[in-house]
Every structure is written in C-alpha cells, then in structure tokens.
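A, B, ... follow the sequence lines: proteins, then strands. Residue 1 opens every chain.
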2 protein chains.
Amino acid sequence: MRPLFHPSIHDVRLEAILHALSDPVRARIFTQIAAADCPKTCSAFSSVDDRTIPKSSLSQHFKVLREAGLIHSERQGVEMHNTSRCAEVEGRFPGLLPAIMGAHAVEHGLEVTPPTA
Amino acid sequence: MRPLFHPSIHDVRLEAILHALSDPVRARIFTQIAAADCPKTCSAFSSVDDRTIPKSSLSQHFKVLREAGLIHSERQGVEMHNTSRCAEVEGRFPGLLPAIMGAHAVEHGLEVTPPTA
DNA sequence: TCTATAGTTCGGGAAAATGGAACTATTGAA
DNA sequence: TTCAATAGTTCCATTTTCCCGAACTATAGA
C-alpha cells in the first residue's frame, strides 16, 4: 500500500478545492471534519444523508479531499484519522473556506442567524 | 434552437457554482466577464491562455456557467451578450464570489495589494 | 436571395466517476 | 504464533461525463 500523498500548502490549487467540494458527498464529509473537534474516521461516513456510500467510493472521496489539500489523513492503528487543513488553506486563500461553508449552510438552511440584537 | 435557460436566483446551487468554476477555462471566462464593464461575446474567448478553444466546447462552457446561475446570456443580433450575475449571487451566497475570485487572483499572482497606507 | 458570422446541437471517442470483489495492514484474542 | 475481525485500498468493468469535429440554425448585411 503506497503512502498517502499530502500536497504542500503552496501546491494547493483552487481548481482542485472547488472540484473536491462540488460533490455533495465530499462537501458533507469535509464540513463535518472541519466542524469536528477530534479526528474522524472514513467509516464514520459510511452513510451520508441517508445514502449508503460503498467503501471503495468513500476511499476515493477521501483521496480527492486529501489531494486537494483539504484534509490530512493519518493511519492510527487499524483506522484512519482525518483532520481538516482549514487553517493552512486559510493562510493561502483567505476567506475561501469560510465563504464556501457559509454558502453550504445557507443552502441547507443551517445558517447561523447573526445576532441582530 | 431552444431558448436559453437561466435559473431563478433561489434555484442556484452551490454545487453547480463550484463545479462551473472548477474548470480553468470557465474560471477565466467568468472572471473576465465579471470584471468587464460591458457585455462579452462568446467568441471573445475563442482562445484562453494561449490555448484555442473549439467553438462547440466554448458553447458548452457558456451553458455550464449560465445554468449554474453565474452569467446571463442574451442574443443581440448575431452575437450573444454575456454579463455576470455577481450581484444576485452575492445576495444568495454572501462573500462567495469575492472569496473565489480573490483566491483566483492569489493563484495567478494578480492579488490587489490592500491599501495598507 | 446569397453570403458571412456567431452560436448551438449532434454524435462518437476519450476521460473520469462509481462500486463490487479481492487485497493489505493492523489489532486483539485463542 | 496463528486466526479472525476491522478499516481502508486497489483493481477493473460499467456507467457517466467531457471534448470537439461536423452539421445545423439564426441573424445581419450586401
């Protein structure tokens, strides 16, 4: 099994990020990893929005997110620990991920209502 | 020739926008339309970054941008006038397009240095 | 009416995504 | 140790999507 490839942050391409997040399953996975306060395994997403995702497809989705520079994956025993690289991406493309995740929230009706006192 | 379809702004999907802009040719076309102060024709983009784009492909690219809700296309005589729908999209997904276009600028080394006077 | 121009549509080949089956790596128990 | 179980990966056939040449449509002007 070849080692996992993680691009250096300055090799991260906007095109790859947009492509990775243009898939609804990957967008879901990424937003949940980004929101989580501890690493998430791949199998944590064996179903997304009541749809079962075959594990070969899941593996591909994680690879796309990883190679786009959005997540970091590290083997921990038998499972994989995935964490987001939001902070790094924010350094390279300021405001990009917050805007996309905000839009994602708008679309799913989860927008945090601003404190309009 | 069937009439051109333009989605209503509240039917615009984040997924479609990200997909549309994840292609380098479309990203170029869109940023130039968005930056222009007058409508752009399709044939204005018959070559992008020194690469010739066949007109059947161009037509498809414009269709993807249009159906994603990013541009408005209107026949004007023999040609097509394309304008951006940035303002509408901004209303639906605040900050999204500025962030993507900012990232695009970062990647192409065209970043506008903020007036840190 | 004829010609030129600007785009669209069609259709076939190329490339990418999907998912089942087989494989690999690690753990823990017998 | 070996064996079984678990978590992911890789392979490969099928399906879907993308690309672009060729044919077509629509409009303008001579």
Side-chain angles (χ1 to χ4, degrees), chain A residues 1-6 13 15-30 32-33 36 38-68 70-83, chain B residues 1-6 13 15-30 32-33 38-68 71-83:
Chain A
M1 230 162 249
R2 57 193 76 144
L4 302 178
F5 173 69
H6 292 88
R13 297 277 154 255
E15 180 182 335
I17 289 180
L18 297 184
H19 171 252
L21 296 180
S22 71
D23 177 271
V25 171
R26 286 192 296 261
R28 272 290 198 197
I29 291 174
F30 178 68
Q32 295 196 25
I33 289 176
C38 63
K40 291 286 201 182
T41 63
C42 298
S43 56
F45 300 93
S46 56
S47 92
V48 171
D49 291 332
D50 293 329
R51 214 174 81 78
T52 299
I53 313 293
K55 61 181 184 168
S56 57
S57 303
L58 252 196
S59 181
Q60 286 307 310
H61 284 317
F62 274 89
K63 183 181 183 188
V64 171
L65 290 170
R66 187 164 55 238
E67 299 193 345
L70 287 166
I71 63 173
H72 181 91
S73 308
E74 193 174 1
R75 177 152 223 157
Q76 211 70 28
V78 78
E79 56 192 22
M80 197 71 89
H81 281 193
N82 297 284
T83 50
Chain B
M1 227 163 254
R2 57 194 75 145
L4 302 177
F5 173 68
H6 292 88
R13 296 277 153 256
E15 180 181 335
I17 289 180
L18 298 184
H19 171 253
L21 297 179
S22 71
D23 177 88
V25 171
R26 286 193 296 262
R28 272 288 200 198
I29 291 173
F30 178 68
Q32 294 196 26
I33 289 176
C38 64
K40 291 286 201 183
T41 63
C42 298
S43 57
F45 300 93
S46 54
S47 91
V48 171
D49 292 331
D50 294 328
R51 214 172 81 79
T52 298
I53 313 294
K55 62 180 186 169
S56 56
S57 303
L58 252 195
S59 180
Q60 287 307 310
H61 284 317
F62 274 89
K63 183 180 182 188
V64 171
L65 290 170
R66 187 164 55 238
E67 300 193 345
I71 63 172
H72 181 90
S73 308
E74 193 173 0
R75 178 153 223 156
Q76 211 71 27
V78 78
E79 56 191 23
M80 196 72 89
H81 282 192
N82 297 283
T83 50

Q.
Please confirm whether the shortest side-chain N or O distance from A/Ser43 to OP1 or OP2 of D/dG8 is below 4.0 Å.
A. yes
Q | Pairwise 5' ranking along DNA chain C for B/Asn82 and A/Val78, keeping only the more 5' one | A | B/Asn82
Q. Looking at D/dC19, D/dA26, D/dG8, which one has an atom nearest to any side-chain atom of B/Asp23?
A. D/dC19
**Q.** Whole angstrom value for the distance that separates P of C/dA6 from CG of B/Leu4
**A.** 17 Å
Q: Figure out the CZ/P separation between B/Phe62 and C/dG7, and round it to whole Å.
A: 8 Å
Q: Rounded to the nearest angstrom, tell me the gap between atom CD in B/Glu79 and atom P in D/dT27.
A: 14 Å
Q: Give a yes/no on whether any side-chain N or O of A/His19 is located under 4.0 angstrom from OP1 or OP2 of C/dA17.
A: yes
**Q.** Whether B/His6 and B/His72 hold their rings parallel, tilted or perpendicular, with breakpoints at 30° and 60°
**A.** parallel
(Q) What's the closest nucleotide to the side chain of B/Gln60 if the choices are D/dT6, C/dG7, C/dT9? (A) C/dT9
Q.
To the nearest 0.5 Å, what is the distance between CG on B/Leu18 and CG on A/Leu18?
A. 5.5 Å
**Q.** Validation row: A/Leu70, A/Val64 side chains within 4.5 angstrom (heavy atoms)
**A.** no
Q: Could you grab the distance from atom NE2 of A/His61 to atom CG of A/Leu65, nearest 0.5 Å is fine?
A: 8.5 Å
Q | Atom-pair distance (NE2 on B/His61; P on C/dA6), nearest Å | A | 19 Å
Q: Return the value, rounded to whole Å, for the distance between atom CZ of B/Phe45 and atom P of C/dG7.
A: 11 Å
Q) Is A/Phe62 close to A/Ile33 at the side-chain level, that is, under 4.5 Å between some pair of heavy atoms? A) yes
Q | Strand-adjacent residues in residues 48-59 of chain A, judged by heavy atoms under 4.0 Å from DNA chain C | A | A/Pro54, A/Ser56, A/Ser57
**Q.** 4.5 Å side-chain heavy-atom contact, A/Phe5 and A/Arg66
**A.** no
Q | Between C/dG7 (C1') and B/Glu74 (CD): distance, integer Å | A | 15 Å
Q) D/dG8 C1' sits how many Å from A/Ile29 CD1, rounded? A) 13 Å
Q. How far apart are the closest heavy atoms of A/Ala68 and A/Ile17, and which atoms are they?
A. O-CG1, 3.8 Å
(Q) Rounded to whole Å, how long is the line connecting atom NZ of A/Lys63 with atom P of C/dT18? (A) 14 Å
